[in-house]
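Notes to accompany the following structure.
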Amino acid sequence: MSYPFSDIESKWQKRWEEQGAFRAVMGKSASSKKYYLLEMFPYPSGRIHMGHVRNYTIGDVMARFRKAQGCQVLHPMGFDAFGQPAENAAIKKGVDPAAWTYDCIAQMRDGLKKLGISYDWDRELATCDADYYRWNQWIFLKMAEKGLAYRAKSPVNWCPSCQTTLANEEVIDGECWRCHSKVDPKLLEQWFLKITAYAEPLLNDLDKLAHWPDRVRAMQRNWIGRSEGVEIFFSVKGTGEKLPVFTTRPDTIFGATYVVLAPEHPLAKKLSAGTPQEKPVAAFAEAVARRSKIERTAEGVNKQGVFTGGYAVNPVNGETIPIWIADYVLMEYGTGAIMAVPTHDQRDFLFAKEQKLPMRVVIQGGEGGGEGAYVGEGVLVNSAQFSGLKNTDAKKKIALWMEEKGHGKRVTQWRLRDWLISRQRCWGTPIPMIYCAACGVVPVPEDQLPVRLPEKLPITGEGGSPLAKVKEFVETTCPCCKKPARRETDTMATFFDSSWYFLRFCSPKETQLPFDPKEAAHWMPVDQYIGGIEHAILHLLYSRFFTKFLKDIGLLSVDEPFTRLLTQGMVLKDGEVMSKSRGNVVDPDGVIEKHGTDAMRLFILFAAPPEDQLEWNDSGIDGVDRFLNRVWNLVERLDGYAPTESNGTETKELRRITHATIKRVTDEVDAFKFNTAISALMEMRNAIEKSWGKVPTDAARESVEALVCLLNPFAPHIAEELWQKLGHSDLLAIRTWPAYDPTLLTQSEVSIILQVNGKLRSKITLPKDAPAEQVKASALADPAVQKWLEGKAPRDIIIVPNRLVNLVI
RNA sequence: GCCGAGGUGGCGAAAUCGGUAGACGCACAGGUCUCAAAAACCUGCGGGGGCAACCCCAUGAGAGUUCGAUUCUCUCCCUCGGCACCA
């Protein structure tokens with residue numbers, strides 16, 4: 001018979017809510033530290049899944065634990081409610097996206113409440129509320145004011161299936177992150193955020209994030225992609241036109257035997273014009289343009305290119321070398337032009353070999369021998385006055401020298417691109433801009449915010465943006481000249497919404513600003529953030545950018561939003577990610593019905609460390625279910641507890657285990673080692689069971705009460721119920737964490753292992769801290785040890801106090 | 001290629017300022033209870049050898065340091081994740 005989890009769970013959920021147990025209040029007492037714990041808020045798809053359960057359960061353990069430790073905890077929840085699924089539902093089922101979304105939110109909220117997470121529901125927000133998105137618009141206008149939001153025509157990623165543009169961060173392996181369609185290049189005029197203006201601090205401040213996983217920091221570092229080098233000013237022979245190339249290897253400048261432009265480089269057309277190369281160059285550029293970026297940059301693709309007919313002059317030696325175009329040079333990076341050094345760059349080598357272009361060795365290092373470019377370190381040769389220098393030294397010297405001579409300048413290149421935020425979708429935040437025939441692009445004045453979405457959106461899925469079809473929306477007057485003007489009909493990428501929601505939670509009802517700076521100064525930064533690794537770059541990079549921007553305009557005092565980050569592992573079934581198409585989805589509701597929320601939470605926390613993948617296992621949950629029932633039974637049996645024999649040793653040992661477990665669970669929860677903390681509780685329960693009837697009532701009660709208190713963050717409903725059954729009237733949810741008595745932790749006797757030559761041969765029990773002489777004598781007297789010593793005296797005896805003796809012969 | 005994480009029983013996993021490898025749990029096997037089953041409870045459970053005491057082997061592979069290595073160093077192998085014709 002299982003304990004009545006169903007009644008218990010709803011009972012305590014109601015009780016917590018009635019008593020406002022989890023309401024976050026800005027504390028006045030200096031003694032209680034603030035603790036802002038946040039889990040990445042969900043998209044309201046309607047149902048919660050095991051991934052959500054895991055994410056929020058991990059957070060809840062920490063939130064309840066910190067609260068018990070006396071922190072003022074802020075633990076809010078909301079919904080990332082704009083986005084395409086609502087539009088897709090509108091297209092498919094003809095529903096109103098707003099109605100659909102709010103419906104889903106209601107369902108999600110119910111589902112979350114059934115998990116018993118300690119949220120402050122008073123702070124709930126949804127990004128699709130005008131009260132929220134008006135501040136998206138406000139922030140956007142501030143960025144525009146600072147020149148950080150701008151409109152530009154450039155090649156962008158277009159998802160043909162989603163019918164919208166995408167940010168670079170949203171393109172994974174050339175595919176749309178959402179629908180996995182192949183992304184097409186398209187030349188469009190769009191809104192961008194100048195995240196590149198923050199490239200340097202975004203990179204450098206990663207070093208401050210000591211409590212972020214290494215891999216997330218590494219991924220961001222890769223993504224931002226800083227690279228230091230020199231822009232070298234080649235010139236075009238004949239015209240003298242400047243042709244800058246970017247290189248990280250100025251030490252190889254004397255080995256440059258040709259120059260390569262990206263096929264779309266404007267100079268290519270110019271150079272070939274009127275030469276026999278005009279046609280081949282145009283044909284090649286067109287052929288490359290037709291191929292997608294993935295095709296073009298795929299591994300193993302042969303490098304192709306043609307001669308432009310033009311020549312460049314190397315500024316350091318006046319040498320004239322041919323200018324080619326080739327598909328392996330990208331217009332977006334550097335200057336779209338490179339100097340080719342086939343002897344010391346593998347790509348240049350392959351191309352030069354194919355096209356039979358000249359090569360010249362300028363670095364000598366070790367035995368080259370093999371096929372290809374030598375990219376190692378070495379000594380410069382054929383490099384004028386720099387010959388004989390180590391190439392690592394020459395790098396700096398040549399760069400400085402070129403700068404002096406005006407042959408080039410040192411530059412830093414970034415891989416990071418500006419963030420394209422325009423979306424040709426309607427279920428998002430309208431971009432607050434107006435186009436006026438006379439005044440041009442005019443921002444919507446602040447006092448006219450929010451620019452609201454129309455009530456009825458004509459979503460058909462065909463014929464372009466629905467917003468553009470709503471006359472009342474599009475048609476407006478110019479704020480400057482008051483003449484008729486047209487509104488921007490694109491909306492913002494939803495990652496904009498989620499880039500600052502953690503700030504809104506600090507003061508969700510603030511009406512003058514996106515958030516109250518005083519509240520933010522108190523609660524920020526988020527002390528612990530928890531979410532999936534899929535946001536390692538996207539959301540986590542954008543949020544860092546927003547935080548830095550909002551600091552720069554004086555609203556924030558912190559420059560990083562999330563002090564600690566935990567990326568929880570995925571929930572798998574049969575070794576695979578749960579998904580509808582695989583048919584291996586385990587529905588949380590079904591588990592709750594069968595085992596209760598507490599058992600589900602406990603299993604998820606017990607089966608693997610939070611960062612690791614978690615394999616869902618139906619019989620695994622039976623195991624934790626059994627444990628909870630055993631704890632339940634302990635409390636029930638305590639009522640008629642009557643010790644048959646009272647034994648001092650047993651009592652001392654049970655108390656030692658009890659207090660040692662309090663210490664262990666405290667330390668382990670603090671370090672997110674929930675799986676071992678739970679196993680410590682299981683061991684403690686086993687110990688109580690073993691001592692049952694052999695210890696006095698007060699010792700048994702002390703242990704059982706401690707067990708219930710320690711169980712609380714993991715399985716809060718059963719813990720509250722048992723606490724009440726134990727005769728208490730206070731709520732565990734707001735009760736102080738148990739303390740341990742350090743004097744009870746020590747054992748009077750210790751087991752010491754005896755090794756001969758490092759191999760375990762025997763064990764003895766001695767009083768704790770026995771003197772070395774006594775330990776040595778006892779070890780030598782041990783029969784098993786004597787057998788292995790074969791009468792010989794040990795050459796050396798190593799004693800590790802209270803642990804082991806190793807006899808070396 | 002570069003960067004990051006990791007490799008321990010049948011399974012999920014413990015143990016790393018070097019000190020009893022496999023805690024805790026699952027599965028499995030045997031037992032108690034029962035007319036029977038379920039539940040519950042008890043016992044066993046890395047591999048090999050031995051009636052047993054006990055012995056040998058074992059933390060991806062190989063070397064090294066050490067009285068002693070899952071833990072430290074080096075060289076490989078493999079898995080997962082990210083970036084990548086980025087000049």
Side-chain angles (χ1 to χ4, degrees), chain A residues 1-2 172-173 213-227 229-230 245-249 252 260 262 293 296-303 326-330 332-341 344-348 350-351 375 413-415 533-534 536-537 567 572 602-603 606-609 611-624 626-627 629-630 633 673 675-686 689 751-763 784 787 794-809:
Chain A
M1 250 305 273
S2 204
I172 314 288
D173 288 331
D214 286 342
R215 69 167 165 159
V216 175
R217 291 195 292 166
M219 282 162 77
Q220 291 213 356
R221 216 169 269 131
N222 278 340
W223 189 260
I224 298 168
R226 177 192 168 101
S227 151
V230 180
V245 305
F246 176 72
T247 183
T248 53
R249 295 293 308 273
T252 63
V260 191
K293 196 178 166 195
R296 187 172 156 189
T297 59
E299 208 170 344
V301 171
N302 275 341
K303 301 182 191 343
D327 53 2
Y328 76 97
V329 175
L330 308 172
E332 316 87 83
Y333 191 77
T335 61
I338 62 153
M339 64 172 196
V341 185
H344 306 294
D345 181 282
Q346 188 60 20
R347 294 154 300 184
D348 296 342
L350 291 173
F351 188 74
V375 294
Q413 282 294 336
W414 302 88
R415 214 196 71 102
I533 186 73
E534 66 274 17
I537 294 171
T567 51
L572 308 182
L602 201 62
F603 170 72
F606 176 63
E611 294 92 338
D612 287 12
Q613 293 194 328
L614 174 101
E615 174 71 29
W616 184 268
N617 182 327
D618 286 329
S619 49
I621 198 166
D622 289 339
V624 294
R626 237 168 267 166
F627 167 70
N629 274 300
R630 287 169 182 159
N633 290 335
K673 292 177 167 180
N675 53 331
T676 50
I678 292 166
S679 69
L681 295 180
M682 290 172 168
E683 285 177 64
M684 180 173 166
R685 203 236 39 118
N686 293 346
E689 185 69 59
S751 165
I752 292 181
I753 59 162
L754 304 180
Q755 297 181 330
V756 177
N757 284 342
K759 280 190 191 266
L760 172 71
R761 294 306 179 191
S762 188
K763 289 175 204 178
K787 195 185 114 198
R795 181 157 58 81
D796 198 5
I797 301 179
I798 287 137
I799 298 177
V800 180
N802 297 322
R803 230 172 178 154
L804 67 77
V805 179
N806 187 13
L807 303 128
V808 189
I809 53 168

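Proteins get letters first, then strands, A, B, ... in listed order; numbering begins at 1 in each.
- Distance noted for atom C1' between B/rA15 and B/rG22: 8 Å (whole Å).
- When each of A/R761 and A/D612 is assigned the nucleotide of RNA chain B bearing its nearest heavy atom, the one mapping closer to the 5' terminus is A/D612.
- Partner assigned to B/rC76 is B/rG60, using Watson-Crick or G-U wobble distances below 3.5 angstrom.
- Here the separation of B/rC28 from B/rG82, taken at their P atoms, is 37 Å to the nearest Å.
- For B/rG9, the O4'-C1' to base torsion is within 90° of 0; the nucleotide is therefore syn.
- Comparing the C1' positions of B/rC83 and B/rA63 gives an interatomic distance of 33 Å, to the nearest angstrom.
- No hydrogens or angles were tested; on distance alone, nothing pairs the side chain of A/N222 with the base of B/rC83 as donor and acceptor under 3.5 Å.
- Among the atoms of the strands shown, none is found under 4.0 Å from any heavy atom of A/P213.
- Taking atom C1' in both B/rG68 and B/rG60, the straight-line distance is 23 Å, to the nearest Å.
- On the P atoms, B/rC3 is 30 Å away from B/rG12, given to the nearest whole Å.
- Nucleotides B/rA53 and B/rG44, compared at atom P, are 14 Å apart to the nearest Å.
- Residue A/R415 places at least one side-chain N or O closer than 4.0 Å to OP1 or OP2 of B/rA84.
- Checking B/rC83 for Watson-Crick or G-U wobble geometry (two distances, each under 3.5 Å) identifies B/rG1 as its partner.
- At a cut-off of 3.5 angstrom, counting only N and O atoms as typed in the model, there is a donor on one side and an acceptor on the other between the side-chain of A/Q755 and the base of B/rG19.
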